[in-house]
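So you know, we letter chains A, B, ... as the sequences are listed, proteins then strands, and number each from 1.
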Amino acid sequence: MMLDPYKIREDFPILKRKVNNHPLIYFDNGATTQKPKQVLEAIKNFYGKYNANVHRAVHTLSQEASELYENAHEKVADFINAGGMEEVIFVRGTTEAINLVAYSWGLHNLGEEDEVIISLMEHHSNIVPWENLSRMNGFRIKYAGVNEDGTLDYESFENLFSSRTRLVCISHVSNVTGVINEMKRIAKIAHDNDALLLVDGAQSVPHMPVDVKALDVDFLAFSGHKLLGPTGIGCLYGKQEILEEMEPFHGGGEMIREVSYNPATGRCSISWNDLPWKFEAGTPNVCGGVGLMEAVKYLEGVGMESVKEHEVRLTEYAMERLRECKKVKVYGPRDVSSKCGIIPFNVDGLSSHDVALFLDSYGIMIRSGFHCAQPLHQRFELKSTARVSFYIYNTREEIDKFIEVLKELERF
Amino acid sequence: MVALEDYVARIEETCGDEKNFIVIFKYDKKGEVIAKILGKAKKEKAISTIIFELTYDNVSFRLYGTGKAIFRGLKNKEELKNFLSKLIM
(Lines give C-alpha, C1' and ligand atoms only; values in the text may rest on other atoms or scores of the structure.)
Protein backbone atom coordinates (compact mmCIF):
# COMPACT_ATOMS: atom_id res chain seq x y z
CA MET A 1 0.00 0.00 0.00
CA MET A 2 1.30 3.44 -0.90
CA LEU A 3 2.04 5.68 2.04
CA ASP A 4 0.57 9.15 2.30
CA PRO A 5 3.43 11.58 3.03
CA TYR A 6 0.99 14.42 3.74
CA LYS A 7 -0.67 12.43 6.49
CA ILE A 8 2.73 11.35 7.82
CA ARG A 9 3.97 14.94 7.89
CA GLU A 10 1.31 15.77 10.47
CA ASP A 11 3.25 13.61 12.92
CA PHE A 12 6.48 15.60 12.53
CA PRO A 13 6.36 18.93 14.40
CA ILE A 14 9.69 20.14 12.99
CA LEU A 15 8.31 20.08 9.44
CA LYS A 16 6.01 22.94 10.37
CA ARG A 17 8.88 25.33 11.04
CA LYS A 18 10.41 27.83 8.65
CA VAL A 19 14.10 28.19 7.94
CA ASN A 20 15.38 31.46 6.50
CA ASN A 21 11.73 32.50 6.05
CA HIS A 22 10.93 29.47 3.88
CA PRO A 23 9.09 26.27 4.80
CA LEU A 24 11.62 23.66 5.87
CA ILE A 25 12.46 21.09 3.21
CA TYR A 26 14.53 18.39 4.83
CA PHE A 27 16.57 16.40 2.29
CA ASP A 28 19.41 15.31 4.59
CA ASN A 29 17.87 12.08 5.77
CA GLY A 30 21.01 10.11 5.02
CA ALA A 31 22.66 12.04 7.85
CA THR A 32 19.78 11.86 10.31
CA THR A 33 16.00 11.76 10.21
CA GLN A 34 13.35 13.87 11.90
CA LYS A 35 11.32 12.47 14.80
CA PRO A 36 7.57 11.87 14.88
CA LYS A 37 5.54 13.06 17.85
CA GLN A 38 5.10 9.43 18.90
CA VAL A 39 8.86 9.13 19.50
CA LEU A 40 9.04 12.54 21.19
CA GLU A 41 6.13 11.57 23.42
CA ALA A 42 7.71 8.21 24.31
CA ILE A 43 10.92 9.96 25.41
CA LYS A 44 9.00 12.50 27.48
CA ASN A 45 6.82 9.76 28.93
CA PHE A 46 9.82 7.65 29.91
CA TYR A 47 11.49 10.43 31.88
CA GLY A 48 8.14 11.61 33.25
CA LYS A 49 6.90 8.23 34.45
CA TYR A 50 9.42 5.39 34.31
CA ASN A 51 12.95 6.73 34.72
CA ALA A 52 15.18 4.42 36.76
CA ASN A 53 18.33 2.44 36.24
CA VAL A 54 17.76 -0.97 34.68
CA HIS A 55 18.69 -4.42 35.95
CA ARG A 56 19.96 -2.91 39.21
CA ALA A 57 17.18 -2.69 41.73
CA VAL A 58 14.11 -4.54 42.94
CA HIS A 59 11.96 -1.42 43.21
CA THR A 60 8.99 -0.91 40.95
CA LEU A 61 10.43 1.86 38.78
CA SER A 62 13.54 -0.16 38.01
CA GLN A 63 11.42 -3.17 37.13
CA GLU A 64 9.26 -1.09 34.80
CA ALA A 65 12.27 0.57 33.17
CA SER A 66 13.97 -2.82 32.74
CA GLU A 67 10.86 -4.24 31.12
CA LEU A 68 10.66 -1.32 28.69
CA TYR A 69 14.34 -1.64 27.82
CA GLU A 70 14.03 -5.38 27.23
CA ASN A 71 10.88 -4.85 25.18
CA ALA A 72 12.88 -2.44 23.03
CA HIS A 73 15.43 -5.16 22.30
CA GLU A 74 12.63 -7.60 21.44
CA LYS A 75 10.95 -5.07 19.15
CA VAL A 76 14.18 -4.36 17.26
CA ALA A 77 14.93 -8.10 17.04
CA ASP A 78 11.52 -8.67 15.53
CA PHE A 79 11.98 -5.74 13.10
CA ILE A 80 15.08 -7.32 11.52
CA ASN A 81 13.91 -10.90 12.08
CA ALA A 82 16.71 -11.76 14.51
CA GLY A 83 16.44 -14.93 16.60
CA GLY A 84 15.63 -12.94 19.74
CA MET A 85 16.91 -10.14 21.93
CA GLU A 86 20.06 -12.17 22.68
CA GLU A 87 21.19 -11.25 19.18
CA VAL A 88 20.46 -7.53 19.53
CA ILE A 89 23.04 -5.37 21.30
CA PHE A 90 22.22 -1.73 21.88
CA VAL A 91 25.12 0.60 21.15
CA ARG A 92 25.51 4.31 20.40
CA GLY A 93 25.15 3.82 16.68
CA THR A 94 26.59 2.15 13.60
CA THR A 95 30.11 3.37 14.32
CA GLU A 96 30.17 1.86 17.78
CA ALA A 97 28.61 -1.36 16.49
CA ILE A 98 31.40 -1.80 13.94
CA ASN A 99 34.06 -0.91 16.50
CA LEU A 100 32.52 -3.51 18.82
CA VAL A 101 33.03 -6.22 16.21
CA ALA A 102 36.53 -4.94 15.45
CA TYR A 103 37.67 -5.04 19.06
CA SER A 104 35.59 -7.92 20.46
CA TRP A 105 35.97 -10.24 17.49
CA GLY A 106 38.76 -8.85 15.29
CA LEU A 107 41.27 -8.19 18.03
CA HIS A 108 41.11 -11.84 19.09
CA ASN A 109 40.60 -13.54 15.73
CA LEU A 110 42.66 -11.63 13.18
CA GLY A 111 46.42 -12.04 12.91
CA GLU A 112 49.26 -11.36 10.51
CA GLU A 113 48.26 -14.21 8.22
CA ASP A 114 44.67 -13.05 7.85
CA GLU A 115 42.83 -10.83 5.38
CA VAL A 116 39.77 -8.59 5.64
CA ILE A 117 37.85 -7.43 2.58
CA ILE A 118 36.25 -3.97 2.55
CA SER A 119 34.94 -1.98 -0.40
CA LEU A 120 35.86 1.46 -1.70
CA MET A 121 32.29 2.62 -1.20
CA GLU A 122 32.44 2.31 2.59
CA HIS A 123 31.67 5.06 5.05
CA HIS A 124 34.74 5.94 7.15
CA SER A 125 33.10 4.12 10.07
CA ASN A 126 33.59 0.85 8.19
CA ILE A 127 37.16 1.68 7.16
CA VAL A 128 38.87 3.37 10.09
CA PRO A 129 38.22 0.66 12.74
CA TRP A 130 39.73 -1.96 10.41
CA GLU A 131 42.69 0.19 9.39
CA ASN A 132 43.35 0.93 13.08
CA LEU A 133 43.10 -2.71 14.08
CA SER A 134 45.25 -3.78 11.14
CA ARG A 135 48.03 -1.55 12.45
CA MET A 136 47.78 -3.40 15.77
CA ASN A 137 47.29 -6.97 14.55
CA GLY A 138 49.06 -6.86 11.21
CA PHE A 139 46.30 -8.40 9.08
CA ARG A 140 45.92 -7.32 5.47
CA ILE A 141 43.01 -5.23 4.20
CA LYS A 142 41.88 -5.61 0.60
CA TYR A 143 39.57 -3.06 -1.00
CA ALA A 144 36.95 -4.20 -3.51
CA GLY A 145 36.53 -1.89 -6.49
CA VAL A 146 33.52 0.13 -7.55
CA ASN A 147 32.21 0.43 -11.13
CA GLU A 148 31.72 3.72 -12.97
CA ASP A 149 28.04 3.78 -12.00
CA GLY A 150 28.87 3.31 -8.33
CA THR A 151 27.87 -0.35 -8.14
CA LEU A 152 30.17 -2.91 -6.57
CA ASP A 153 32.55 -4.61 -8.98
CA TYR A 154 31.49 -8.15 -8.06
CA GLU A 155 34.18 -9.75 -10.19
CA SER A 156 36.98 -7.83 -8.47
CA PHE A 157 35.27 -8.47 -5.14
CA GLU A 158 35.17 -12.22 -5.69
CA ASN A 159 38.78 -12.26 -6.89
CA LEU A 160 39.96 -10.76 -3.61
CA PHE A 161 39.09 -13.89 -1.62
CA SER A 162 41.78 -16.32 -0.57
CA SER A 163 42.14 -19.04 2.02
CA ARG A 164 43.24 -16.25 4.39
CA THR A 165 40.06 -14.20 4.12
CA ARG A 166 38.38 -14.12 7.53
CA LEU A 167 35.95 -11.24 7.31
CA VAL A 168 34.04 -9.12 4.79
CA CYS A 169 32.85 -5.66 5.89
CA ILE A 170 30.51 -3.97 3.46
CA SER A 171 27.63 -1.52 3.28
CA HIS A 172 24.18 -2.75 2.39
CA VAL A 173 23.47 0.64 0.81
CA SER A 174 26.08 3.25 -0.12
CA ASN A 175 25.57 6.50 1.81
CA VAL A 176 26.87 8.44 -1.20
CA THR A 177 25.25 6.86 -4.26
CA GLY A 178 22.38 4.95 -2.67
CA VAL A 179 23.49 1.79 -4.48
CA ILE A 180 21.98 -1.33 -2.93
CA ASN A 181 24.54 -4.12 -2.73
CA GLU A 182 23.29 -7.64 -3.42
CA MET A 183 23.68 -8.86 0.10
CA LYS A 184 22.48 -12.44 -0.41
CA ARG A 185 25.03 -12.84 -3.19
CA ILE A 186 27.77 -11.27 -1.05
CA ALA A 187 26.86 -13.47 1.94
CA LYS A 188 27.08 -16.59 -0.21
CA ILE A 189 30.48 -15.59 -1.59
CA ALA A 190 31.77 -14.78 1.92
CA HIS A 191 30.45 -17.98 3.48
CA ASP A 192 31.62 -20.16 0.58
CA ASN A 193 35.07 -18.82 1.45
CA ASP A 194 34.62 -19.47 5.20
CA ALA A 195 34.60 -15.75 5.96
CA LEU A 196 32.21 -13.90 8.23
CA LEU A 197 30.12 -11.02 6.90
CA LEU A 198 29.60 -7.71 8.68
CA VAL A 199 27.04 -5.45 7.04
CA ASP A 200 26.79 -1.71 7.58
CA GLY A 201 23.02 -1.31 7.49
CA ALA A 202 22.94 2.38 8.40
CA GLN A 203 21.36 3.30 5.05
CA SER A 204 19.33 0.14 4.48
CA VAL A 205 17.52 -0.74 7.71
CA PRO A 206 15.64 2.61 7.82
CA HIS A 207 14.61 2.44 4.17
CA MET A 208 13.70 -1.12 3.19
CA PRO A 209 12.74 -4.46 4.70
CA VAL A 210 15.88 -6.10 6.11
CA ASP A 211 15.73 -9.72 7.24
CA VAL A 212 18.98 -10.91 8.79
CA LYS A 213 18.01 -14.56 8.42
CA ALA A 214 17.04 -14.27 4.76
CA LEU A 215 20.21 -12.32 3.99
CA ASP A 216 22.30 -14.69 6.14
CA VAL A 217 24.52 -11.93 7.53
CA ASP A 218 26.70 -12.58 10.57
CA PHE A 219 26.67 -9.01 11.85
CA LEU A 220 24.43 -6.06 11.00
CA ALA A 221 25.09 -2.55 12.32
CA PHE A 222 22.63 0.34 12.20
CA SER A 223 21.71 3.60 13.92
CA GLY A 224 18.44 4.60 15.57
CA HIS A 225 18.61 8.26 14.60
CA LYS A 226 18.53 7.41 10.89
CA LEU A 227 15.21 5.60 11.36
CA LEU A 228 13.18 8.23 13.22
CA GLY A 229 14.68 7.36 16.62
CA PRO A 230 16.84 9.41 18.96
CA THR A 231 20.58 9.94 18.57
CA GLY A 232 22.95 7.93 20.75
CA ILE A 233 21.18 4.61 20.26
CA GLY A 234 21.84 1.99 17.63
CA CYS A 235 22.11 -1.71 17.22
CA LEU A 236 24.53 -4.48 16.50
CA TYR A 237 22.87 -7.69 15.40
CA GLY A 238 25.08 -10.76 15.63
CA LYS A 239 24.40 -14.46 15.25
CA GLN A 240 24.09 -15.82 18.75
CA GLU A 241 26.72 -18.53 18.34
CA ILE A 242 29.28 -15.94 17.23
CA LEU A 243 28.39 -13.45 19.96
CA GLU A 244 28.66 -16.19 22.60
CA GLU A 245 32.27 -16.82 21.58
CA MET A 246 33.26 -13.16 21.52
CA GLU A 247 35.02 -11.26 24.28
CA PRO A 248 33.19 -8.23 25.75
CA PHE A 249 33.87 -4.81 24.24
CA HIS A 250 33.71 -2.63 27.35
CA GLY A 251 34.14 -3.72 30.95
CA GLY A 252 32.05 -2.55 33.89
CA GLY A 253 28.72 -3.08 35.56
CA GLU A 254 25.81 -4.88 33.89
CA MET A 255 28.05 -6.93 31.59
CA ILE A 256 29.29 -9.25 34.36
CA ARG A 257 27.65 -12.10 36.25
CA GLU A 258 30.28 -12.22 38.96
CA VAL A 259 33.44 -10.40 40.00
CA SER A 260 35.02 -12.44 42.75
CA TYR A 261 38.14 -11.40 44.66
CA ASN A 262 40.50 -14.24 45.44
CA PRO A 263 42.79 -13.37 48.41
CA ALA A 264 45.18 -16.17 47.44
CA THR A 265 45.94 -14.70 44.02
CA GLY A 266 45.14 -11.09 44.86
CA ARG A 267 43.05 -10.92 41.69
CA CYS A 268 39.40 -10.94 40.72
CA SER A 269 37.91 -13.71 38.62
CA ILE A 270 35.17 -12.49 36.32
CA SER A 271 32.35 -14.23 34.49
CA TRP A 272 30.28 -12.52 31.82
CA ASN A 273 26.57 -11.85 31.84
CA ASP A 274 24.20 -13.42 29.32
CA LEU A 275 23.63 -11.96 25.87
CA PRO A 276 23.02 -9.21 25.01
CA TRP A 277 24.01 -7.63 28.36
CA LYS A 278 27.55 -9.01 28.10
CA PHE A 279 28.13 -6.27 25.51
CA GLU A 280 26.24 -3.46 27.26
CA ALA A 281 28.57 -2.33 30.03
CA GLY A 282 27.48 0.41 32.40
CA THR A 283 24.12 2.14 32.60
CA PRO A 284 22.72 1.90 29.10
CA ASN A 285 20.82 4.51 27.11
CA VAL A 286 17.47 3.29 28.39
CA CYS A 287 15.47 6.22 27.11
CA GLY A 288 17.19 5.93 23.72
CA GLY A 289 16.10 2.31 23.57
CA VAL A 290 12.52 3.29 24.39
CA GLY A 291 12.62 5.97 21.69
CA LEU A 292 14.05 3.50 19.19
CA MET A 293 11.28 1.00 20.01
CA GLU A 294 8.67 3.67 19.29
CA ALA A 295 10.41 4.59 16.02
CA VAL A 296 10.39 0.95 14.93
CA LYS A 297 6.69 0.68 15.82
CA TYR A 298 6.03 3.77 13.73
CA LEU A 299 7.88 2.36 10.71
CA GLU A 300 6.11 -0.98 11.10
CA GLY A 301 2.83 0.91 11.06
CA VAL A 302 3.81 2.54 7.78
CA GLY A 303 5.21 -0.70 6.39
CA MET A 304 8.79 -1.06 5.18
CA GLU A 305 7.73 -2.09 1.67
CA SER A 306 5.72 1.15 1.48
CA VAL A 307 8.71 3.13 2.75
CA LYS A 308 10.88 1.70 0.00
CA GLU A 309 8.25 2.17 -2.69
CA HIS A 310 7.73 5.82 -1.69
CA GLU A 311 11.45 6.54 -1.83
CA VAL A 312 11.84 4.83 -5.21
CA ARG A 313 9.03 6.98 -6.62
CA LEU A 314 10.54 10.17 -5.20
CA THR A 315 13.99 9.24 -6.50
CA GLU A 316 12.62 8.46 -9.96
CA TYR A 317 10.83 11.80 -10.01
CA ALA A 318 13.86 13.75 -8.75
CA MET A 319 16.21 12.07 -11.26
CA GLU A 320 13.78 12.89 -14.05
CA ARG A 321 13.48 16.53 -13.00
CA LEU A 322 17.23 16.91 -12.44
CA ARG A 323 17.68 16.26 -16.18
CA GLU A 324 16.12 19.71 -16.73
CA CYS A 325 19.09 21.28 -14.92
CA LYS A 326 21.75 21.64 -17.60
CA LYS A 327 24.63 22.40 -15.23
CA VAL A 328 23.84 19.55 -12.86
CA LYS A 329 25.72 16.27 -13.04
CA VAL A 330 24.23 13.34 -11.16
CA TYR A 331 26.42 10.44 -10.02
CA GLY A 332 25.56 6.81 -9.37
CA PRO A 333 23.29 4.41 -11.23
CA ARG A 334 20.49 5.71 -13.42
CA ASP A 335 18.47 2.56 -12.73
CA VAL A 336 16.44 3.51 -9.67
CA SER A 337 15.53 -0.10 -8.90
CA SER A 338 19.12 -0.76 -7.78
CA LYS A 339 19.32 2.15 -5.39
CA CYS A 340 17.73 3.82 -2.36
CA GLY A 341 16.54 7.42 -2.12
CA ILE A 342 19.96 9.08 -2.23
CA ILE A 343 21.15 11.25 -5.12
CA PRO A 344 24.66 12.73 -5.25
CA PHE A 345 25.29 15.57 -7.69
CA ASN A 346 27.35 18.64 -8.48
CA VAL A 347 26.59 21.93 -10.19
CA ASP A 348 29.14 22.95 -12.81
CA GLY A 349 31.44 25.72 -11.55
CA LEU A 350 30.28 25.56 -7.94
CA SER A 351 31.50 23.61 -4.94
CA SER A 352 29.05 21.32 -3.19
CA HIS A 353 29.17 23.64 -0.18
CA ASP A 354 28.06 26.56 -2.33
CA VAL A 355 25.14 24.49 -3.57
CA ALA A 356 24.19 23.53 -0.02
CA LEU A 357 24.48 27.13 1.24
CA PHE A 358 22.37 28.44 -1.63
CA LEU A 359 19.65 25.83 -1.06
CA ASP A 360 19.80 26.60 2.68
CA SER A 361 18.82 30.19 1.83
CA TYR A 362 15.50 28.71 0.66
CA GLY A 363 15.05 26.45 3.66
CA ILE A 364 16.24 23.36 1.79
CA MET A 365 18.61 21.22 3.86
CA ILE A 366 21.03 19.04 1.95
CA ARG A 367 24.45 17.58 2.68
CA SER A 368 27.71 18.63 1.01
CA GLY A 369 31.26 17.33 1.17
CA PHE A 370 32.60 13.79 1.29
CA HIS A 371 29.76 12.35 3.38
CA CYS A 372 32.48 10.50 5.34
CA ALA A 373 33.32 8.48 2.23
CA GLN A 374 36.52 10.03 0.90
CA PRO A 375 37.86 6.90 -0.87
CA LEU A 376 34.72 6.70 -3.01
CA HIS A 377 35.11 10.35 -4.01
CA GLN A 378 38.75 9.67 -4.86
CA ARG A 379 37.60 6.75 -7.01
CA PHE A 380 35.52 9.18 -9.07
CA GLU A 381 38.11 11.98 -8.86
CA LEU A 382 35.59 14.22 -7.12
CA LYS A 383 36.52 16.87 -4.60
CA SER A 384 33.09 16.61 -3.02
CA THR A 385 29.41 16.14 -3.86
CA ALA A 386 26.08 17.60 -2.88
CA ARG A 387 23.61 14.96 -1.74
CA VAL A 388 19.85 14.83 -1.37
CA SER A 389 18.36 11.92 0.55
CA PHE A 390 14.65 11.30 0.98
CA TYR A 391 12.39 9.76 3.59
CA ILE A 392 8.77 9.02 4.30
CA TYR A 393 7.73 12.66 4.86
CA ASN A 394 9.19 14.07 1.65
CA THR A 395 6.92 15.01 -1.25
CA ARG A 396 7.04 15.69 -4.98
CA GLU A 397 6.22 19.33 -4.29
CA GLU A 398 9.38 19.61 -2.22
CA ILE A 399 11.36 18.20 -5.13
CA ASP A 400 9.71 20.76 -7.44
CA LYS A 401 10.85 23.56 -5.13
CA PHE A 402 14.35 22.07 -4.97
CA ILE A 403 14.57 21.99 -8.79
CA GLU A 404 13.24 25.55 -9.03
CA VAL A 405 15.99 26.77 -6.67
CA LEU A 406 18.67 24.74 -8.46
CA LYS A 407 17.63 26.34 -11.76
CA GLU A 408 17.99 29.75 -10.15
CA LEU A 409 21.46 28.81 -8.93
CA GLU A 410 22.43 27.71 -12.45
CA ARG A 411 22.06 31.35 -13.52
CA PHE A 412 24.87 32.38 -11.15
CA MET B 1 36.59 47.11 22.00
CA VAL B 2 34.92 45.09 19.26
CA ALA B 3 36.47 41.69 18.52
CA LEU B 4 36.07 39.26 15.62
CA GLU B 5 34.33 36.86 18.00
CA ASP B 6 31.54 39.41 18.38
CA TYR B 7 30.62 38.80 14.75
CA VAL B 8 31.62 35.19 14.07
CA ALA B 9 29.54 32.38 15.55
CA ARG B 10 31.43 29.45 14.06
CA ILE B 11 34.07 28.54 11.51
CA GLU B 12 33.74 25.18 9.77
CA GLU B 13 36.73 23.76 7.94
CA THR B 14 35.82 21.29 5.23
CA CYS B 15 37.78 18.05 5.01
CA GLY B 16 39.71 16.69 2.03
CA ASP B 17 41.90 18.31 -0.59
CA GLU B 18 39.52 21.17 -1.28
CA LYS B 19 40.14 23.36 1.78
CA ASN B 20 37.14 25.59 2.27
CA PHE B 21 36.29 27.62 5.31
CA ILE B 22 32.64 28.24 5.98
CA VAL B 23 32.05 31.16 8.30
CA ILE B 24 28.74 31.51 10.08
CA PHE B 25 28.18 35.01 11.37
CA LYS B 26 26.20 35.64 14.55
CA TYR B 27 22.51 35.79 13.75
CA ASP B 28 21.90 39.14 15.45
CA LYS B 29 24.92 40.68 13.72
CA LYS B 30 24.45 39.26 10.24
CA GLY B 31 22.84 42.41 8.79
CA GLU B 32 25.68 44.57 10.09
CA VAL B 33 28.35 42.15 8.86
CA ILE B 34 26.81 41.83 5.40
CA ALA B 35 26.59 45.61 5.06
CA LYS B 36 30.24 46.00 6.13
CA ILE B 37 31.45 43.33 3.71
CA LEU B 38 29.42 44.67 0.79
CA GLY B 39 30.79 48.13 1.58
CA LYS B 40 34.40 46.99 1.34
CA ALA B 41 34.58 44.10 -1.13
CA LYS B 42 34.20 44.30 -4.89
CA LYS B 43 31.03 42.66 -6.15
CA GLU B 44 31.75 40.32 -9.09
CA LYS B 45 28.25 38.89 -9.46
CA ALA B 46 25.14 38.20 -7.41
CA ILE B 47 21.67 36.71 -7.39
CA SER B 48 19.45 39.26 -5.69
CA THR B 49 20.54 39.46 -2.04
CA ILE B 50 20.88 35.70 -1.76
CA ILE B 51 24.42 35.07 -2.98
CA PHE B 52 27.29 37.43 -3.79
CA GLU B 53 30.61 36.60 -5.37
CA LEU B 54 33.07 39.10 -3.94
CA THR B 55 36.76 39.95 -4.03
CA TYR B 56 38.74 41.69 -1.36
CA ASP B 57 42.50 41.93 -1.00
CA ASN B 58 42.95 39.39 -3.86
CA VAL B 59 40.80 36.83 -2.06
CA SER B 60 37.65 35.66 -3.81
CA PHE B 61 34.75 34.46 -1.65
CA ARG B 62 31.00 34.00 -1.64
CA LEU B 63 28.67 35.65 0.83
CA TYR B 64 25.10 34.49 1.48
CA GLY B 65 22.18 36.59 2.64
CA THR B 66 21.65 34.06 5.44
CA GLY B 67 24.83 35.34 7.10
CA LYS B 68 27.20 32.65 5.93
CA ALA B 69 30.27 32.92 3.74
CA ILE B 70 32.59 30.47 2.05
CA PHE B 71 36.30 31.20 1.64
CA ARG B 72 38.79 29.33 -0.52
CA GLY B 73 42.51 29.56 -1.03
CA LEU B 74 43.35 30.53 2.52
CA LYS B 75 46.00 28.38 4.15
CA ASN B 76 44.62 28.02 7.63
CA LYS B 77 42.28 29.41 10.26
CA GLU B 78 44.80 32.04 11.36
CA GLU B 79 45.03 33.44 7.85
CA LEU B 80 41.24 33.38 7.63
CA LYS B 81 40.89 35.26 10.91
CA ASN B 82 43.40 37.89 9.81
CA PHE B 83 41.50 38.30 6.57
CA LEU B 84 38.15 38.54 8.35
CA SER B 85 39.55 41.13 10.73
CA LYS B 86 40.53 43.33 7.80
CA LEU B 87 37.21 42.70 6.10
CA ILE B 88 34.74 43.36 8.89
CA MET B 89 36.52 45.21 11.68
Side-chain angles (χ1 to χ4, degrees), chain A residues 18-22 24-25 31 123-125 127-128 175-176 327 344 346-387 401-402 404-412, chain B residues 7-35 37-38 41-56 59-77 80 83-84 87:
Chain A
K18 288 190 168 188
V19 175
N20 296 320
N21 298 319
H22 292 271
L24 168 65
I25 295 178
H123 188 284
H124 295 163
S125 63
I127 294 175
V128 179
N175 74 310
V176 177
K327 289 186 179 176
N346 274 322
V347 179
D348 190 29
L350 293 167
S351 83
S352 65
H353 303 299
D354 277 309
V355 177
L357 285 170
F358 190 79
L359 288 162
D360 174 66
S361 307
Y362 287 88
I364 303 170
M365 312 288 116
I366 71 156
R367 180 81 183 267
S368 54
F370 281 135
H371 323 304
C372 298
Q374 195 170 347
L376 187 65
H377 283 80
Q378 284 176 310
R379 159 68 182 84
F380 294 119
E381 296 177 354
L382 292 168
K383 286 181 175 170
S384 69
T385 50
R387 179 188 76 179
K401 180 68 187 174
F402 162 67
E404 182 191 318
V405 175
L406 266 187
K407 285 181 177 175
E408 190 180 350
L409 179 61
E410 283 185 311
R411 294 194 288 113
F412 187 63
Chain B
Y7 292 103
V8 175
R10 230 174 48 250
I11 296 173
E12 304 271 3
E13 190 176 349
T14 62
C15 55
D17 302 335
E18 193 183 48
K19 275 274 173 262
N20 291 338
F21 291 98
I22 296 161
V23 177
I24 295 130
F25 296 108
K26 288 195 173 165
Y27 190 79
D28 57 341
K29 296 273 188 184
K30 72 173 184 177
E32 186 186 337
V33 171
I34 290 170
I37 293 174
L38 291 178
K42 184 185 169 205
K43 194 197 303 183
E44 306 290 349
K45 55 181 175 174
I47 296 179
S48 179
T49 54
I50 299 162
I51 178 173
F52 304 91
E53 184 156 311
L54 304 164
T55 310
Y56 180 72
V59 175
S60 167
F61 62 99
R62 289 187 182 128
L63 176 68
Y64 291 82
T66 51
K68 293 162 189 166
I70 182 163
F71 296 85
R72 288 174 205 86
L74 295 168
K75 279 189 214 117
N76 50 43
K77 250 184 199 176
L80 172 73
F83 178 76
L84 285 173
L87 186 62

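The distance from the OG1 atom of Thr14(B) to the NE2 atom of His353(A) is 4.0 Å, given to the nearest 0.5 Å. Expressed to the nearest 0.5 Å, how far CD1 of Ile22(B) lies from OG of Ser368(A) amounts to 6.0 Å. The CZ atom of Phe358(A) sits 10.5 Å away from atom OG1 of Thr66(B), with the distance rounded to the nearest 0.5 Å. Between the CZ atom of Arg72(B) and the CG atom of Asp354(A) there is a distance of 4.5 Å, given to the nearest 0.5 Å.
Few gaps surround CG on Asp28(B); more than 12 heavy atoms of other groups in view lie less than 6.0 Å from it.
Taking 4.5 Å as the limit, every side-chain heavy atom of Leu357(A) sits out of range of all side-chain heavy atoms of Arg62(B). The closest side-chain heavy-atom distance from Ile70(B) to Ser351(A) is below 4.5 Å. No side-chain heavy atom of Tyr64(B) sits less than 4.5 Å from a side-chain heavy atom of Asp360(A).
Proximity to chain A involves both the backbone and the side chain of Lys45(B), based on heavy atoms less than 4.5 angstrom apart.
Minimum interatomic distance between Phe52(B) and Phe412(A) (heavy atoms only, all atoms of both residues): C-CZ, 4.4 Å.
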